[in-house]
Student: 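Following this message is one structure expressed as structure tokens.
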Amino acid sequence: MPEFSNLLRQRLAVGERTRVRPGNHPDADTLTAYAEQLLPARERNQVLEHLSACDDCREVVALSLPEPEAAIAVAGAASAAGRRRFAWKWTPAFGLAASVAVLAIVTVAVIERPHPAGPSFANRDNQPASVAPATSAPSAPASTPSAEGNASASAQPENAKTVSPGVISNAHTSGAPAMAAAPPSRELARAADSAGRPMAAPPPATPVVSASASTILAYSTDRQDYKNQMFDAEARSVEPGAVAVNDLPAAPAPQQSNQNLFAINNSITMPVAGLNQNAPSPHLRITTPSSGGKTSGPHLYAKVGGELKDLILPKRYSPPITAGRGFLGNNAMGGTQLNPAKESDQSVAIAAAPASDKAAGDLDQLSAFTARAMGATASEKKELAPGWKVADGRLLKSSDSAAWAEAYSGAEGIAFSVVNARGPEVWAGGANAALVHSRDGGATWERITLGASATGTITSIETGRASVRVKSSSGQSWSSADGGKSWTLQD
Amino acid sequence: MSSGSKPMEKAALAISDLFEKSTGHRYGLTQADFQCILEQVAKKYLPTASTASLEQRLQFWRELKLEELALARACAAGHELAWQVFLTRYREKLYDIARGITKEDSRARDLADSIYGDLYGTSERDGCRVSRLSSYMGRGSLEGWLRTVLAQEFVNRYRKQKRLVSLEEQEEEGVQFSSADPGPVAPADSRLGAAVDLALGQLAAEDRLILAAYYLDDRTLTEIGRLVGVHESTICRRLEKLLKGLRKQVMAGLVAQGMNRGQAEEALEADVRYLQVDVSRRLQENRSAAFQQDKGSD
């Protein structure tokens, strides 16, 4: 009956133009309680009466209702659709086939399952670790084959294929008595071997009840490819600057530095893969020279083709850039921090190579990345990255830190204040929010426009993988997520 | 004395229990403050607050959102910790709610920021800071109350902006202005209006709300369902049933007023442009007299 519906619609619309707006609207509390269906029946009816006559209150209630959970509706629809689509799966024949398949898989898994070798933290009898070791070890052969297995594992790490916490963990948790128990276990295992009994196949792990971290530490010390327990002993045993084992050159003393996060300090030799200290030629040595300085951190050198290669430090690493000495500050993404008050006389070297005119203390972050600091031999030829700096408003570039040439010769006459160079990507900013960008190490430049409202002198440029953030002396912060194609002024 | 003191003790214990549940002490409220708040709420919403029994009042208070009430009133009183909790819980929600209402970020921020001032209490009365949170009574959730307050503010703003219409802008947009009203046209049959009035008057309030929302507000069945608290399919069925029932009643009314069936059918199918039955006004006039009392408005 479209006519009648139209009749109602027309009449209601006509009536709205001339209707008397009802007063005494329900307050927010009442409308909220109505929307949340918390009103008693009588009061709800009153609200309904009002709402049927007041379009404003209807609008308020409609707006104040939270959006329905679309996800629930989607999930419900999806599950319903899924049930309809895959209804054929719920037939008896399919069920039988599925059961047979599952049974087959389980059977295969059970047959092929290796003996459990991983650690667990409960012993066979669910006794705490502190109870087990002192008495169980001597009687291992008779009653605890797992202890025997663990003893063999700890005694002969080279042959053990699996790892188990072993008696050592008990030793760590329960103190001296357990320590005393450990050697007898090993001897017992050796005796067992000498008696001709075949070495146990990967022994089952000894379930050890231990909540302490030392269990985990013991677990790791049993691994043959990494013996952390040797760290302290060997680190202390190696004299700084001593001739390296296996004719690797000793690392030279580092540059005088403070707070150098990247300089190197202690000697650490870490045996690798069953390496014996007295073995003729380890291929890998982690060594650092010690200068008695305050810095720390290892380097990893590998002898590759007769050459010493530093594996930790990438060749083309660009150090973070600071204007002052020492502290990196918030310079994680690179960029020279300019003190706006000292714009005119800022002259900051931004380079992997240190500037010769800088004080020794200023070379903190830069010295570690020079050939000297890395202990490179004379035979090594490392290609140094070009250096960039801003001086007297000019953008300068140098390949050897000795001769600096003007890198940007645009006609605009930009008074540069900051430069950020990361490989061939170079950003430089200056007065009047001027910003230039080069993708080829300065061969060609592109002038960047931040926005019509950009003001001030660029004071910092931070770069990420594809993001760039630029700050100016007027307090503005502009960012780009597409490598500088478009910019947004941040709040 | 002893017979009178027992209910007093019971009341004190019950209020103490309510205060404990509200954790008002965390926000800087005292039990005495909280009791005042509860009495204020009861006075406002219980129809016979002065004569309501203690049990009725306790039952009413137990159904309130006590913790949120304590938080809101502590904020209104200016307790710092309460404000920290409020901001932590509702700051982002307020912007989200505003965004849901305005469907636009800048307007949402503008709306939310304007409410913040009212909630914090930037205005003063008689030397005391006036916070809108002092009008929260705990009947619904605080979040729902914030939604309603934002919606009211939005509707008020929109209503004000609607009145301020630039004729020049409308001309530029090509809006056709209506010609002068030629004057009322005599209805084809005044009995039709009366029959419609009668039929609408006999509907339940909820049915009239559904009709108003459907025909006056052009709301979808889903929106009406949320408005009423039922599923949209229920609204669909109810609308169909309502229209059938209304038609039947209007027909019966026309017949009762002297028309025969054929004439009644013809009247219903008449050109509606000639009918001036003010259905919406009639819908309003049927509201309950109970809402004539001053319940306060925001």
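For clarity, every value in this text was computed on a predicted model and none was experimentally measured. A note on names: the letters A, B, ... follow the listed sequences, proteins ahead of strands, and every chain is numbered from 1.
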Student: With only heavy atoms counted, which part of B/Val250 is less than 4.5 Å from chain A, the side chain, the backbone, both or neither?
Tutor: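 Interface part for B/Val250: side chain.
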Student: Which atoms of A/Leu51 come close to chain B, meaning under 4.5 Å heavy atom to heavy atom: side chain ones, backbone ones, both, or neither?
Tutor: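 It is both, since atoms from each part get that close.
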Student: Would you check, one step at a time, whether the test side chain to side chain contact (heavy atoms under 4.5 Å, CB included) holds for B/Leu216 with A/Asp55?
Tutor: CA-CA 8 Å; B/Leu216 292 179; A/Asp55 60 341; over 6 Å; no
Student: Given side chains that start at C-beta, do those of B/Val155 and A/Leu63 come closer than 4.5 Å, heavy atoms only?
Tutor: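 When only atoms from C-beta onward are counted, A/Leu63 and B/Val155 do touch, with a gap below 4.5 Å.
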Student: Among side-chain atoms of A/Asp27 and B/Tyr45, is any donor-acceptor pair under 3.5 angstrom?
Tutor: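 Yes, B/Tyr45 and A/Asp27 have a side-chain donor paired with an acceptor closer than 3.5 Å.
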Student: Can you say whether B/Thr222 sits under 4.5 Å from chain A via the side chain, the backbone, both, or neither, judging by heavy atoms?
Tutor: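 Contact with chain A involves no heavy atom of B/Thr222 at all.
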Student: Hey, what do you get for CG (B/Leu227) to OH (A/Tyr34), rounding to the nearest 0.5 Å?
Tutor: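 The distance works out to 5.0 Å.
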Student: OG1/A/Thr30 to NZ/B/Lys44 distance, rounded to the nearest 0.5 angstrom?
Tutor: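 Reported value, rounded in 0.5 Å steps: 6.5 Å.
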Student: For the atom pair CZ (A/Arg58) and CD1 (B/Ile224), what is the distance rounded to the nearest 0.5 Å?
Tutor: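 That separation rounds to 9.5 Å.
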Student: May I ask you to check whether over 12 heavy atoms, not counting those of B/Asp96, lie within 6.0 Å of atom CG?
Tutor: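 More than 12 heavy atoms, drawn from other residues, nucleotides or ligands, come within 6.0 Å of this atom.
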Student: Against chain A, label B/Ile101 side chain, backbone, both or neither, depending on which of its atoms sit under 4.5 Å from a heavy atom there.
Tutor: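 For B/Ile101, heavy atoms of backbone and side chain both lie under 4.5 Å from chain A.
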Student: May I ask you to test the B/Arg147-A/Val61 pair for a side-chain heavy-atom distance under 4.5 Å?
Tutor: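 They are not in contact (no side-chain heavy atoms under 4.5 Å apart), so the answer is no.
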Student: Relative to chain A, which segment of B/Glu206 carries a heavy atom at a distance below 4.5 Å: side chain, backbone, both, or neither?
Tutor: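 Both backbone and side chain.
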Student: May I have the step-by-step check of salt bridge (charged side-chain N to carboxylate O under 4.0 Å, His left out) for A/Glu59 and B/Arg219, ending in yes or no?
Tutor: CA-CA 10 Å; A/Glu59 182 75 20; B/Arg219 295 206 179 273; 2.8 Å; yes
Student: Grab the two heavy atoms, one from B/Ala205 and one from A/Ser52, that are nearest each other, plus how far apart they are.
Tutor: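 Reported closest heavy-atom pair: O-CB, 4.0 Å.
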Student: Among the options B/Ser141, B/Gly138, B/Ala204, pick out the one with the most heavy-atom pairs lying under 4.5 Å from chain A.
Tutor: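 Of the options given, most contacts go to B/Ser141.
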Student: Is B/Ile97 close to chain A through its backbone or its side chain, or both, or neither, when contacts mean heavy atoms under 4.5 Å?
Tutor: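 Neither the backbone nor the side chain of B/Ile97 comes within 4.5 Å of chain A.
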Student: Give the C-alpha distance, both sets of side-chain angles, the deciding distance and a yes or no for side chain to side chain contact (heavy atoms under 4.5 Å, CB included) between B/Arg139 and A/Glu36.
Tutor: CA-CA 10 Å; B/Arg139 300 200 72 189; A/Glu36 295 177 356; over 6 Å; no
Student: Where does A/Ala62 contact chain B at under 4.5 Å (heavy atoms): side chain, backbone, both or neither?
Tutor: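 Its backbone and side chain both get close to chain B.
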Student: Measure distances from A/Pro66 to the heavy atoms of chain B and classify the residue's part below 4.5 Å as side chain, backbone, both or neither.
Tutor: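 Both backbone and side chain of A/Pro66 come within 4.5 Å of chain B.
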Student: Between the main-chain N or O of A/Ala28 and the side-chain N or O of B/Tyr136, is there a donor-acceptor pair closer than 3.5 Å?
Tutor: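 Checked: no pair found.
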Student: Any heavy-atom pair between the side chains of A/Asp56 and B/Gln152 that's under 4.5 Å?
Tutor: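 B/Gln152 does not reach A/Asp56 side chain to side chain.
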